[in-house]
Amino acid sequence: MTTIAEKPNLEVAPFQNERVKDFRDPADAAAMRAALERVKAQLGKHYPLVIAGRKIETEKKIRSVNPADPNEVIGLTSAASKEQANEAIEAASRAFDSWRHRTLPERAAYIFKAAEMLRSRRFDYDALLVYEVGKSWSEADGDIAEAIDFLEFYAREALRYAQPQPIVPIEGERNELVYIPLGVGAVIPPWNFAGAIMIGMTAAAIVCGNTVVLKPSSDAAVIAAWFVDLLHEVGVPPGVVNFIPGSGSEIGDLIVTHPKIRFISFTGSKEVGLRINELAAKPQKGQKWIKRVVAEMGGKDSIIVAADADVDAAVEGVAVSAFGFQGQKCSACSRAIVEESIYDEFVDKLKRRVATITVGDPSDPANYMGPVVNESALKSIMRYIETGKTEGRLLTGGDRVGDRGYFLEPTVIADVAPDATIAQEEIFGPVLAVIKAKDFESALSIANNTEFGLTGSLYTKDDKKIERARNEFFVGNLYFNRKSTGAFVGVHPFGGFNMSGTDSKAGGRDYLLLFMQAKTISRKV
Ligand code: NAP
């Protein structure tokens with residue numbers, strides 16, 4: 001792969017999604033068990049800040065703990081002070097002066113190498129996600145497979161943008177359009193796709209020639225520390241990626257408002273995304289540009305089950321979309337909207353299906369659901385469950401499981417009104433509201449009645465209903481007769497409308513444009 005830098009026109013193999021491991025394969029299961037042991041032996045390590053390639057230990061630490069057993073410390077990451085956040089932005093600004101002059105293929109070569117190295121360490125990264133954020137084996141592996149996909153996909157995209165861009169020829173001039181980077185970016189990822197989103201956002205920014213400060217989620221700082229090390233191992237120069245963990249509420253505003261920050265690439269909640277958007281809009285003293293904000297935010301995703309649907313398939317799709325990774329996916333189904341004529345059958349079958357879901361320590365592959373990410377999430381979800389009990393009929397679940405880890409039962413609340421709190425607000429946990437719709441027309445209008453617009457599914461055999469939904473179901477990712485989660489890079493470019501974000505599509509052909517600007521160069525001949 002290194003030869004790409006020397007031969008910019010070298011053909012690379014077409015992009016292919018990384019296959020997610022099937023842990024029924026004894027070899028993969030054994031590799032995962034060994035990785036869990038290896039990673040366990042390293043738990044509790046200290047991880048420094050990285051500014052201009054320098055590793056800096058600070059007194060103040062972010063404690064990353066295992067949500068399945070909060071007494072187990074995954075790692076202690078140094079926390080950046082405001083001064084250190086400033087230093088990191090200055091370092092990124094200096095590094096930009098040279099990094100921006102590297103060609104797109106040269107930068108892509110680093111990203112290809114990073115993909116190779118991540119692939120070779122895949123089981124260790126999987127294991128870390130099991131411990132750090134409570135993912136099951138398959139969910140963890142899906143996350144890292146997606147991270148590898150982002151690296152492979154964006155590196156190829158960079159090669160595509162390096163090619164001559166089509167413009168209309170005119171006599172007497174030689175014209176070209178080239179893509180150049182923006183400058184220093186702040187990359188602010190969430191904890192829920194702690195590998196894929198953090199790695200995808202960082203890789204997209206730097207392959208385009210930007211330099212970044214990476215402020216990881218405080219719930220998933222260790223995996224980010226691993227990845228920053230990996231980038232340096234593959235030779236990404238010092239200062240291109242600066243690592244500044246720290247609480248969003250303490251250093252977030254400083255980073256976002258810094259006059260040398262050119263863009264912010266954020267994924268997280270609506271509340272934080274809107275705040276960033278607002279703060280970034282105000283020019284600061286010495287700032288020469290309008291900051292660009294790419295904000296991918298929350299969801300309140302619906303699956304419509306039409307009267308003619310295959311009810312068993314719909315029950316399966318809803319259960320997996322609602323309770324995979326404890327419902328902590330922006331694409332998770334949190335509302336099943338079911339036509340009246342099959343409502344009772346659906347609810348009955350769903351109750352039986354959810355009863356088969358196992359909850360417990362995700363390092364044991366027998367458990368489908370692990371813990372929610374932290375205590376404050378647990379409390380917030382339990383408050384929503386209490387609200388839900390007054391807004392509908394508790395069908396199943398509703399309680400905490402055990403008292404050590406942050407485990408919750410998969411919870412279904414039926415007979416919920418379309419405008420109820422639990423039908424409108426993002427809960428981000430294993431709580432599903434089931435809503436009865438009198439017909440398809442009404443189901444579609446209920447599906448569109450939130451402020452979000454991220455994912456949605458429709459189960460039906462009726463082509464007319466499919467056509468209506470194609471035109472009127474207002475979500476960024478619309479699926480038919482399948483679950484609402486599990487978008488593949490390149491296959492299902494991902495991102496939502498309305499309060500779900502700034503309409504970007506991660507893993508799509510437009511995505512890198514968000515990190516570049518086009519320059520037209522015209523020469524008289
Ligand atoms: P979050 O609480 O909004 O945090 C996201 C990131 O923002 C974290 O790194 C956080 O740091 C940081 N942050 C917090 N306050 C900040 C501030 N004032 N200024 C700058 N940064 C700040 O979200 P989360 O709980 O990590 O993630 C879950 C949310 O992400 C859900 O709403 C989910 O729907 C959404 N999500 C959306 C997508 C999508 O593609 N649309 C994908 C995944 C997740 P700290 O951890 O230090 O607070």
Side-chain angles (χ1 to χ4, degrees), residues 1-2 4 12-23 25 27-28 31-32 35-36 38-39 107-130 132-133 135-160 187 189-208 214 216 220 222-236 241 265 267 296 325 329 331 485-494 505-509 511-512 515:
M1 289 295 183
T2 39
I4 291 164
V12 291
F15 172 78
Q16 270 196 335
N17 293 106
E18 199 68 23
R19 267 203 25 223
V20 176
K21 303 279 182 207
D22 176 354
F23 289 108
D25 176 339
D28 284 340
M32 185 64 184
L36 284 162
R38 247 188 335 269
V39 172
R107 294 188 298 254
Y110 291 107
I111 304 300
F112 280 123
K113 271 207 236 172
E116 248 172 56
M117 194 169 283
L118 182 57
R119 199 177 283 115
S120 73
R121 297 177 185 173
R122 174 160 172 177
F123 288 109
D124 284 29
Y125 274 77
D126 286 357
L128 179 59
L129 283 180
V130 171
E132 193 170 28
V133 291
K135 290 208 167 190
S136 68
W137 291 18
S138 299
E139 292 288 349
D141 189 63
D143 189 328
I144 299 305
E146 188 178 353
I148 297 169
D149 281 351
F150 276 135
L151 294 167
E152 293 280 355
F153 186 81
Y154 293 145
R156 282 172 177 75
E157 282 293 285
L159 298 181
R160 184 167 70 83
V187 174
W191 52 266
N192 73 327
F193 278 85
I197 296 181
M198 177 270 298
I199 290 174
M201 287 161 70
T202 307
I206 66 173
V207 81
C208 293
L214 167 60
V222 172
I223 188 168
W226 280 26
F227 182 65
V228 171
D229 271 353
L230 183 151
L231 287 178
H232 289 125
E233 277 180 69
V234 301
V236 170
V241 176
S265 173
T267 305
E296 300 177 45
F325 189 37
K329 300 182 187 178
S331 54
T485 54
F488 284 120
V489 171
V491 178
H492 313 108
F494 188 83
K505 280 283 186 272
R509 284 167 66 97
Y511 192 68
L512 288 196
F515 300 89

Exercise. Have a look at W137 and tell me which of L129, L36, D126 forms a side chain to side chain contact (heavy atoms under 4.5 Å, CB included) with it.
Key: L36

Which heavy atom of [X] sits nearest a heavy atom of [Y], and at what distance?
X: V222; Y: E132; value: N-OE2, 2.9 Å
X: V20; Y: A145; value: CG2-CB, 4.2 Å
X: R122; Y: R19; value: NH2-O, 2.8 Å
X: V133; Y: A220; value: CG1-CB, 4.1 Å
X: F123; Y: A31; value: CE1-CB, 3.6 Å
X: L118; Y: A147; value: CD2-CB, 3.9 Å

Quiz item: Would K505 and E296 satisfy salt bridge (charged side-chain N to carboxylate O under 4.0 Å, His left out), going step by step from the backbone distance to the final call?
Solution: CA-CA 9 Å; K505 280 283 186 272; E296 300 177 45; over 6 Å; no

I'd like to check [X] versus [Y] (side-chain heavy atoms, cut-off strictly below 4.5 Å). Are they in contact?
X: F112; Y: R156; value: yes
X: M201; Y: Y511; value: yes
X: F494; Y: S331; value: yes
X: D141; Y: F23; value: yes
X: I223; Y: I144; value: yes
X: T267; Y: P189; value: no
X: R107; Y: I206; value: no
X: I197; Y: N192; value: yes

In Å and rounded to the nearest 0.5 Å, what is the [atom1] to [atom2] distance from [X] to [Y]?
X: D25; Y: M32; atom1: CG; atom2: CE; result: 13.5 Å
X: D149; Y: E18; atom1: CG; atom2: CD; result: 6.0 Å
X: F153; Y: N17; atom1: CZ; atom2: CG; result: 9.5 Å
X: D143; Y: S138; atom1: CG; atom2: OG; result: 12.0 Å
X: L231; Y: F227; atom1: CG; atom2: CZ; result: 4.0 Å
X: I111; Y: E157; atom1: CD1; atom2: CD; result: 13.5 Å

Quiz item: For atom CZ of F15, is the number of surrounding heavy atoms from other residues, nucleotides or ligands below 6.0 Å larger than 12?
Solution: yes

Exercise. Please lay out, stage by stage, how S265 and F515 fare under the test side-chain contact (heavy atoms from CB on, under 4.5 Å).
Key: CA-CA 9 Å; S265 173; F515 300 89; 3.9 Å; yes

Practice problem: Could you tell me whether R121 and E116 make a salt bridge, using a distance below 4.0 angstrom between a side-chain N and a carboxylate O? | Solution: no

Exercise. May I ask you to decide whether E233 forms a salt bridge with K113, counting only side-chain N to carboxylate O separations under 4.0 Å?
Key: no

Practice problem: Start with the C-alpha gap between Y154 and L159, add the side-chain angles, then the distance that decides, and say whether side-chain contact (heavy atoms from CB on, under 4.5 Å) holds. | Solution: CA-CA 9 Å; Y154 293 145; L159 298 181; over 6 Å; no

Quiz item: What is the ring orientation for F325 with W191, classed by angle as parallel under 30°, tilted 30 to 60°, or perpendicular over 60°?
Solution: perpendicular

Quiz item: Checking side-chain contact (heavy atoms from CB on, under 4.5 Å) for the pair V39/W226: CA distance, chi angles, key distance, verdict?
Solution: CA-CA 12 Å; V39 172; W226 280 26; 4.0 Å; yes

